[in-house]
Amino acid sequence: MCGIVGYIGKREAYPIILNGLKRLEYRGYDSAGIALFDGTDIQLCKTKGKVANLEDKAEKEISRKGNLGIGHTRWATHGVPNDVNSHPHYSNSGDLVIIHNGIIENYDSLKKELIKRGYTFKSETDSEVLVNLIEDIQINEKVKLGKAVQIALNQVVGAYAIALFDRKKPDEIVVAKLGSPLAIGIGEDEFFVASDASPFIEFTNNAIYLEDEEMAIIRLGRDVKVRKIKDDKLVAPYIQELQLNLEQIEKGGYDHFMLKEIHEQPAVIKDTYRGRLLADKGIVRLGGLEDYIEKFINADRIIIVACGTSWHAGLVAEYIFEDLVRIPVEVEYASEFRYRNPIISENDVVIAISQSGETADTLAAIKLAKSKGAFVYGVCNVVGSTISRETHSGTYTHAGPEIGVASTKAFTTQITVLAMVALRLAKAKGTISQSDFMLYLRELELIPKHVEEALKTEDKIKEIAAVFKNVRNFLYLGRGYNFPVALEGALKLKEISYIHAEGYPAAEMKHGPIALIDEYMPVVVIAIKSDHYDKVVSNIQEIKARKGKIIAVVSKGDTAVREMADYVMEVPHTPEALSPLVTTIPLQLLSYHIAVMLGRNVDQPRNLAKSVTVE
């Protein structure tokens, strides 16, 4: 949540920062602002609304000149979204200006103390408290800005990524991180600061990712100096070469990032298993897994922690692991896991799943599991992210940047990774026959072609979307491996269309939700050929008897469900354990087209953020 962009160097800062803020819009925000040093003073402009509103306002109100600046997109925590609460924030003197992601939990007590000392506040934010605390320390303890920041951060409780500068020292930006991502781009005689690398990828491929409780002083003409906030210890910064390219973060001719990412799934699933899966040779190998296979095989249980769409991928993995590897699996919401005093032992393996690798609740669950001695394995998409560094080992999904807030390709690539992990463990443990092992490898290799085929039904799905775009409620039903897909389909519809939707195991329909079914209730039923097929057919008959409108996801060539359903979305047949990779595709497209027809902001749905870095 929230986005940070900063620049110091030889170029004009304004266009770099403004374009960077546009690239970070996917993170979710409700206001935006920018502060530039024009050689004499700070030019500040901020507003409620989108970056486009900021651009219009800046053209009218400020000079937009200067080689130093910081910009921000805010997702409201303390204080309603308005111009005053937007970032950046000045200190009382007007010398310091700050941008801040995260939450300062003890801001109220700090604010009261600063008010006693004569400070006044224009906003309701915790961020304005922080910048004035830094100034108070700077003045009273007669220290440089970097030291004042360090002392202040040792007094605050909470999470943060900050960037600030002092107009009296316009060759320097100070940044710090705890629980919210922050990258520093290293150019020639110039530096960039951002929440991720996308705002500066066309200028440099070299970046430093700060670790938690680290700060950096970025000064022109000098190397970046990184220190530990708690003890002032110097840290040798690791400069990472980025694999991201500009093409990956553009829409590529699609109307929305979400649609582009839905259509990228055949390619990114292939990228996920490329070099790891060799079906013709009967090989599946994951570098992050090979040295730890015994830990998995000898584990008392596997605990999967995740949030949102990643949690649904974890539910699919629960079926796959228990079916193929025969190890007990529990799937936990990371946000609940960390607070319910869970029983964790050294014989447990914890798998943490996160697209961004920065999800606050999942990170907290990782730290808890590690403190209890469990082995923690990460599955994430963003190289160099905090989860990739905090876990003992793990596997990247290689989905490429996912800009749309509603996850699509992240879901399928997470399942692809987890399926490969399960197959590798089943082979090592001897819980799968050689013939079944080879069958699964061949079928997994065919998934990209099956997804391509499912995507070709988009025109038919658009017709279905047009019929149901104005309904108020949806019910999604699935059994077995496709129960989590029903949950994910309902979540997608809620996220981007704002239509209420519920996902249920099909057998649970009779235990309550059947009361909702009438001629106005569309029911999406995943009814592919599987061990549960006949049971699902019975559920469909129960819905038809109550005049419910049935939209069925069926296997290619199905006749029984096709005769009963009002509308069908056809997918190629694949083994049930891998079917979620294919059945989710029409549900993604249905949600997308309904949302577009309703005029929703598909890539940036209201109130949501791509990377949830606060609780």
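Residue numbers count from 1 along this sequence.
Sorted by first and then second residue, the salt bridge (Lys or Arg N to Asp or Glu O under 4.0 Å) pairs involving residues 379-392 (not counting sequence neighbours) are E211-R389, K370-E390.
Side-chain contact between I34 and K46 is absent, with no heavy atoms from C-beta onward closer than 4.5 Å. Between N67 and I8, every side-chain heavy-atom pair lies at or beyond the 4.5 Å cut-off. Inter-residue side-chain proximity for V131 and Y90 is flagged as unmet; no heavy-atom pair is nearer than 4.5 Å. At least one side-chain heavy atom of T362 sits less than 4.5 Å from a side-chain heavy atom of I387. Residues F121 and I115 form a side-chain contact, since some pair of their non-hydrogen atoms from C-beta on lies under 4.5 Å apart. Counting only heavy atoms from C-beta outward, the side chains of V174 and I218 never approach each other to under 4.5 Å. In this structure the side chain of Y396 never reaches within 4.5 angstrom of the side chain of T413, judged on heavy atoms. Inter-residue side-chain proximity for H89 and S123 is flagged as met; some heavy-atom pair is nearer than 4.5 Å.
Under the 6.0 Å cut-off for aromatic ring centres, Y7 and F191 do not qualify, their centroids lying 6.0 Å or more apart. Residues H392 and F375 bring their aromatic ring centres within 6.0 Å.
Rounding to the nearest 0.5 Å gives a distance of 12.0 Å between CD1 of I229 and CZ of R227. A distance of 8.5 Å separates CD in E346 from NZ in K295, rounded to the nearest 0.5 Å. Note: I208 CD1 to I184 CD1 = 5.0 Å, rounded to the nearest 0.5 Å. Here the straight-line distance linking atom CD of E336 with atom CG of D361 works out to 9.0 Å at 0.5 Å rounding. Interatomic distance, F411 CZ to E261 CD, rounded to the nearest 0.5 Å: 15.5 Å.
A cation-pi arrangement, defined by a distance under 6.0 Å to the six-membered ring centre and an angle within 45 degrees of its axis, is present between R606 and Y498. In this structure, K50 satisfies the cation-pi test against Y29, with its NZ or CZ atom closer than 6.0 Å to the six-membered ring centre and inside 45 degrees of the ring normal.
Ring-plane geometry between F192 and F203 is classed as parallel, the angle between the planes falling under 30 degrees on a 0 to 90 degree scale with a further cut at 60. Taking the six-membered ring where the residue is Trp, W311 and Y333 present parallel rings, their angle staying beneath 30° rather than reaching 60°.
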**OP:** Could you walk me through whether Y160 and S127 pass the side-chain hydrogen bond (donor to acceptor under 3.5 Å, both in side chains) test, one step at a time?
**Re:** CA-CA 9 Å; Y160 53 79; S127 310; over 6 Å; no
Checking salt bridge (charged side-chain N to carboxylate O under 4.0 Å, His left out) for the pair D108/K112: CA distance, chi angles, key distance, verdict? CA-CA 6 Å; D108 190 50; K112 287 173 181 174; 3.3 Å; yes
List the steps and the verdict of side-chain hydrogen bond (donor to acceptor under 3.5 Å, both in side chains) for S407 and T309. CA-CA 7 Å; S407 278; T309 288; 4.9 Å; no
Kindly determine whether K22 and E55 satisfy salt bridge (charged side-chain N to carboxylate O under 4.0 Å, His left out), including the steps that lead there.
-> CA-CA 10 Å; K22 289 177 180 178; E55 187 174 14; 3.2 Å; yes
- request: Please report the C-alpha distance between L110 and L130 in whole Å, then the side-chain angles of each, then the deciding distance to 0.1 Å, and finally whether the side-chain contact (heavy atoms from CB on, under 4.5 Å) criterion is met.
  value: CA-CA 8 Å; L110 293 170; L130 179 57; over 6 Å; no
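Side-chain contact, Y377 with T395: a donor N or O sits under 3.5 Å from an acceptor N or O. Q414 and S310 share a side-chain donor-acceptor pair at under 3.5 Å. Of the N and O atoms on the side chains of S198 and D196, at least one donor lies less than 3.5 Å from an acceptor on the other residue. Side-chain contact of T73 with E25: a donor-acceptor pair under 3.5 Å is absent, judged by distance alone. Residues H312 and E488 bring a donor and an acceptor atom of their side chains to less than 3.5 Å of each other. No hydrogens or angles considered: a donor-acceptor pair under 3.5 Å links the side chains of S86 and S31. Inspection of the D232 and Q150 side chains reveals an N or O donor paired with an N or O acceptor under 3.5 Å.
Residues passing the salt bridge (charged side-chain N to carboxylate O under 4.0 Å, His left out) test with K225, sequence neighbours excluded: none. Not counting sequence neighbours, the partners of N381 by the side chain to side chain donor-acceptor pair (under 3.5 Å) test are Q355, T397.
Within the 3.5 Å criterion, the main-chain N or O of V305 finds no donor-acceptor partner in the side chain of E332. Side-chain atoms of D603 come within 3.5 Å of backbone atoms of M258 as a donor-acceptor pair (strictly under, hydrogens ignored). Without hydrogens or angle criteria, D126 side chain to I104 main chain gives a donor-acceptor distance under 3.5 Å. D348 contributes no side-chain N or O that, together with a main-chain N or O of I344, makes up a donor-acceptor pair within less than 3.5 Å. A distance-only check finds a donor-acceptor pair linking the side chain of K409 to the backbone of A399 [under 3.5 Å]. Remark: the backbone N or O of A35 is not paired with any side-chain donor or acceptor of Q43 at under 3.5 angstrom. Proximity of a side-chain donor or acceptor of N106 to a complementary backbone N or O of V157 within less than 3.5 Å is detected. Without hydrogens or angle criteria, S195 side chain to G3 main chain gives no donor-acceptor distance under 3.5 Å. The backbone N or O of E188 sits less than 3.5 Å from a side-chain atom of K10, completing a donor-acceptor pair. The closest donor-acceptor contact from the side chain of N140 to the backbone of D136 lies under 3.5 Å.
Counting heavy atoms of neighbouring residues, nucleotides and ligands inside a 6.0 Å radius, atom NZ of K144 does not exceed 12 of them. Within a 6.0 Å sphere centred on NZ of K169, heavy atoms belonging to other residues, nucleotides or ligands number more than 12. Surrounding CD of E241 are at most 12 heavy atoms belonging to other residues, nucleotides or ligands under 6.0 Å away. Heavy atoms from other residues, nucleotides or ligands lying under 6.0 Å from CD1 of I343 number 12 at most.
Of the charged side-chain nitrogens involved, none lies within less than 4.0 Å of a carboxylate oxygen, so that E214 and K177 do not count as a salt-bridged pair. Electrostatic pairing of D95 and R167 counts as a salt bridge here, judged by a charged N lying under 4.0 Å from a carboxylate O. In this structure, K168 pairs ionically with D166, as a charged nitrogen and a carboxylate oxygen lie closer than 4.0 Å.
Residues A410 and E402 approach most closely at N-OE2, 3.1 Å, considering heavy atoms.
Each of R74, E124, K122 was evaluated against N85; a single residue qualifies, E124, per the side-chain hydrogen bond (donor to acceptor under 3.5 Å, both in side chains) test.
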